[in-house]
Amino acid sequence: MRVPLSWLREYVDLPATETGRDVQAKLVSAGLEVERVEQLGADLKGPLVVGKVLTIEELEGFKKPIRFCTVDVGTANGTGEPQEIVCGARNFAVGDKVVVVLPGAVLPGNFAIAARKTYGKTSHGMICSGDELGMGDDGSGGIIVLPPEHEVGTDAVELLELVDEVLDIAVTPDRGYALSMRGVAREAATAYGLPLRDPALLDVPGPNAFGYPVQVSDPQGCDRFTARTVTGLSPEAHSPIWLRRRLQKAGMRPISLAVDITNYVMLELGQPLHAYDRSRVQGTIGVRRAEPGEKLTTLDGAKRTLDAEDLVITDDRGPIGLAGVMGGAHTEIDDTEGTTTEVVVEAAHFDPISIARTARRHKLASEASKRFERGVDPQATSAAAQRTVDLLVLLAGGTADGGVTEVIAPSAPHTISIPANHPDKVAGVDYGRETVVRRLQQVGCDVYGQDELIVTVPSWRPDLTDPNDLAEEVIRLEGYENLPSTLPKPPAGLGLTDRQRLHRRVGRALAGAGYVEAPNYPFIGEDVFDQLGLAADDPKRRVVKLVNPLSDEEPALRTTLLPGLLQALRRNDGRGSHDLALFETGLVFHPRDELRVAVRLPVDRRPTDEEIASLTDALPVQPRHAAVVLAGAREQAGWWGKGRPADWADAVESARVLAREAGTELLVRQGQYGPWHPGRCAELAVVVDGAERVIGYAGELHPRVVKALGLPARACAMELNLDVLEQASAGLPKGPHLSTFPVATQDVALVVSADVPAADVEAALREGAGELLESIRLFDVYEGEQLGEGRKSLAYALRFRADDRTLTVDEASAARDAAVALAGERVGAALRS
């Protein structure tokens, strides 16, 4: 919201010495985010005056039209003689009043004006456009042509209000009232302790039976609708300079008188309005939900297909506007031919959620929808309509029709019960009842009671819903800077939990292994499950959907980390980074079988364990996962060798890295699941409380998944459940015991059936070798004619070591033989001859 300081002073008698910076500091202290103060005309220096065009001579022989003009500027040039000026614009004629800048002046941008020879003539100054004066776009695209009543030689700097200060306020969603001069003026009046001249305090006639007919079919979507009619508008009437300048300073472009007035009143009171050309409206104006598939051409020229949840304004022909968002083209005010002489003014209050969803659904954010979705004062509709009517009568010579239409759905004012000392408890400051009541009354609340206050919330503050909101109002008006700084005292003996320590070790280990962390948003679209090739009954397809998603394309919370990581992989690969190893640790979300409503936790004390447990039970199940994705080269080529590409084994090894950090044994065996290649997929499992639990998968992605997601060929991935991995761990990993005695190495090659997993062979060897076995490593796999069809050879290096002695050859061989014997019993392994 852009707030011109000169306009703000109309509602609050700010001290004359107060600058925009001073007002900014006061409003920031009150809780408004005033991002900057723009100094309009700070570098502008006159003379800049009103002139009258006396003659125009068309100069020939140039690539573009050039005109040599004489302009009467009165005595502003010191001689009273006509000023000779060369100008290329063509939107003015002899007799027009224009804005002239004379030699010696300086325009915005430090553009100094001097007499200079151009196009064979000497130009003594310039005839100015709005852009050259820093006024912004006024829609004309040319020279400023002033109304004829302005005197020649008048100071144009004052006439055009070129010098001003504009506060640029970033309005947060809970402070919709600040999207109006009325709302900001109320905050300024409170900050300075001055009275407010409320522009909404107008004498408004009551409703009668002679107003324009209106039928509201959805009172939930529209609880208030005011319609007023103005006739006899002058087609020649144009917006006065003061009106156009205020719109420009507030960041809006002047269009036509009727539209400018509705925009002006919206900026002044915060109530969006719409003016219909009465001759183009057929029959009763209605408010209802759209029929699926209905069409509407909006004012921006786009033909839109409506949704059943869209709230629309209709006449006898059908929709004529998207309620609270944008009007329709069929009833548009005609600002080109000047044929609109009768208008119907609409001032309504619409459901904020409905308007927000419609604007998002049609990707059509407007000044009106921005206000409605944040909350508009429902009781300001009549005043806004009256203000619009008054301005149309004053500036366009119209006549206010005696009929007044008001459709109102009954509603009671919102009241809140709050202990008088509640703000004291929240802030930790002793404000006292008198201060609390005074501050709430300054906000606009009606307050009754002594120790227990009954507070009636003002209609323009829909964000005040419970006692903590009222406490915040008291605290911010008393000044956040006045709150004492006190550090909380943590209980002794507590630090990071085992879960937190594991998460940190996992991140450090993956970074040390060459992976780059790539955090992603936790939102997904359900179509990604088809791209990942998940089965129709896969549990990951059950998602938690958001009521207000940031994007309609991603309305659900993720059940797997892979979509975000794979999207990051594709994006980086598309930008020329082809050798990639990315990882992420984060929460995934699974819905509970029973939907529960979360309790609101107190702020004046620590929640009880039961309250925290109840809140947790209402939330989705949120395990923490870890995932990696790889593509391109895992080892770079160079003078040291050819390098190698990343493959499924690297993805599996990343899981082993995490298992080592958890201090647990990871079971790796052949698997088959969703996005992974069925022949290059490893199933990852751990033992928890004596039972195996599958915690994830690793390997090369399926070619169909690679194609569907646009990934690099042979991309690999791994994902596992960190929480279950932690359950299987033995706590903080302990450093290995270092024996001072030498190792004894025994190699063994075993022939087994081709369908026997290497993990089963390794498990049998490990168990059979006993406690002397220090490590086991598979270093060769061989299949060939010598072994026979359906057979393979697995070669292992077994390392034996004792803590208290040097092993003899016989001891090492006996341990090896015991391992081979058990492998023979378990998996039918035989020594390869």
Side-chain angles (χ1 to χ4, degrees), residues 503 506-534 538 540 543 550-551 553-554 556-589 624-637 643-658 671 673-682 684 696-722:
H503 297 164
V506 161
R508 287 194 294 265
L510 288 175
Y515 291 85
V516 176
E517 188 170 13
N520 296 281
Y521 288 117
F523 312 119
I524 59 171
E526 294 183 78
D527 55 345
V528 75
F529 298 130
D530 296 327
Q531 296 172 330
L532 291 176
L534 299 185
D538 194 292
K540 284 187 171 61
V543 295
L550 294 180
S551 169
E553 297 177 356
E554 295 181 330
L557 291 173
R558 66 189 179 190
T559 56
T560 168
L561 301 182
L562 289 183
L565 272 179
L566 294 176
Q567 186 179 22
L569 182 75
R570 179 184 62 205
R571 186 184 305 114
N572 281 275
D573 181 73
R575 294 177 179 175
S577 181
H578 304 301
D579 303 326
L580 296 163
L582 309 178
F583 84 93
E584 179 180 10
T585 62
L587 301 179
V588 299
F589 305 85
R624 182 173 288 271
H625 282 204
V628 306
V629 294
L630 303 104
R634 186 60 176 148
E635 295 179 4
Q636 295 290 336
R644 68 174 183 85
D647 60 16
W648 62 268
D650 294 301
V652 174
E653 180 58 25
S654 68
R656 289 197 172 101
V657 168
L658 303 190
Y673 180 72
W676 280 278
H677 191 297
R680 299 167 189 155
C681 174
L684 312 174
Y697 296 86
E700 183 180 316
L701 295 175
H702 198 290
R704 284 197 296 267
V705 174
V706 170
K707 182 178 180 181
L709 295 176
L711 303 174
R714 309 298 291 270
C716 302
M718 180 279 296
E719 182 173 9
L720 56 74
N721 188 322
L722 274 182

In residues 651-658, what donor-acceptor pairs under 3.5 Å come from side-chain atoms, sequence neighbours left out?
residue, atom, partner, partner atom, Å
Glu653, OE2, Arg660, NH2, 3.0
Ser654, OG, Ala651, O, 2.5

Quick check for you: to the nearest 0.5 Å, what is the distance between Asn572 atom CG and Gln567 atom CD? 11.0 Å
Those residues that, when tested against Asp650, pass side-chain contact (heavy atoms from CB on, under 4.5 Å) (two or more places apart): Leu630, Arg634, Arg644, Ala646, Asp647
Answer yes or no: is there a side-chain heavy-atom contact under 4.5 Å between His625 and Asn721? yes
Main-chain N/O of Thr560 paired with Glu719 side-chain donor or acceptor, under 3.5 Å: no
Could you pull out all residues at least two apart from Asp538 that satisfy salt bridge (charged side-chain N to carboxylate O under 4.0 Å, His left out)? none
Check side-chain contact (heavy atoms from CB on, under 4.5 Å) between Ala633 and all other residues, then give those that pass, not counting sequence neighbours. Asp579, Gln636
Should the ring pair Phe523 and Tyr521 be called parallel, tilted or perpendicular, given that the plane angle runs from 0 to 90° and is split at 30 and 60? parallel
Distance col, row Leu566:CG vs Leu582:CG, nearest 0.5 angstrom, shows 9.5 Å
If I take atom CD from residue Glu584 and atom CG from residue Asn520, how far apart are they, to the nearest 0.5 angstrom? 4.5 Å
Quick check for you: to the nearest 0.5 Å, what is the distance between Met718 atom CE and Leu562 atom CG? 9.5 Å
Taking the side chain as every heavy atom from C-beta outward, state whether Asp573 and Arg570 have any pair of such atoms under 4.5 Å apart. no
Contact between Leu565 and Phe583 at the side-chain level, heavy atoms closer than 4.5 Å - yes or no? no
Residue pairs passing the salt bridge (Lys or Arg N to Asp or Glu O under 4.0 Å) test where at least one lies in residues 515-526, sequence neighbours excluded: Glu526-Lys545
Looking at CD of Gln531 and CG of Asp527, how far apart are the two atoms once the value is rounded to the nearest 0.5 Å? 5.5 Å
At their closest point, which heavy atom of Thr559 faces which heavy atom of Lys540, and how far apart are they? OG1-O, 2.8 Å
For the residue pair Pro522 and Val588, establish whether any side-chain heavy-atom pair is separated by less than 4.5 Å. no
N/O donor-acceptor pairs under 3.5 Å from side chains in residues 696-716, not counting sequence neighbours:
residue, atom, partner, partner atom, Å
Glu700, OE1, Arg714, NE, 3.1
Glu700, OE1, Arg714, NH2, 3.3
Glu700, OE2, Arg680, NH1, 3.2
Glu700, OE2, Arg714, NE, 2.8
His702, ND1, Arg704, N, 3.0

Stepwise side chain to side chain contact (heavy atoms under 4.5 Å, CB included) check, Leu534 with Tyr673: CA-CA 8 Å; Leu534 299 185; Tyr673 180 72; 3.7 Å; yes
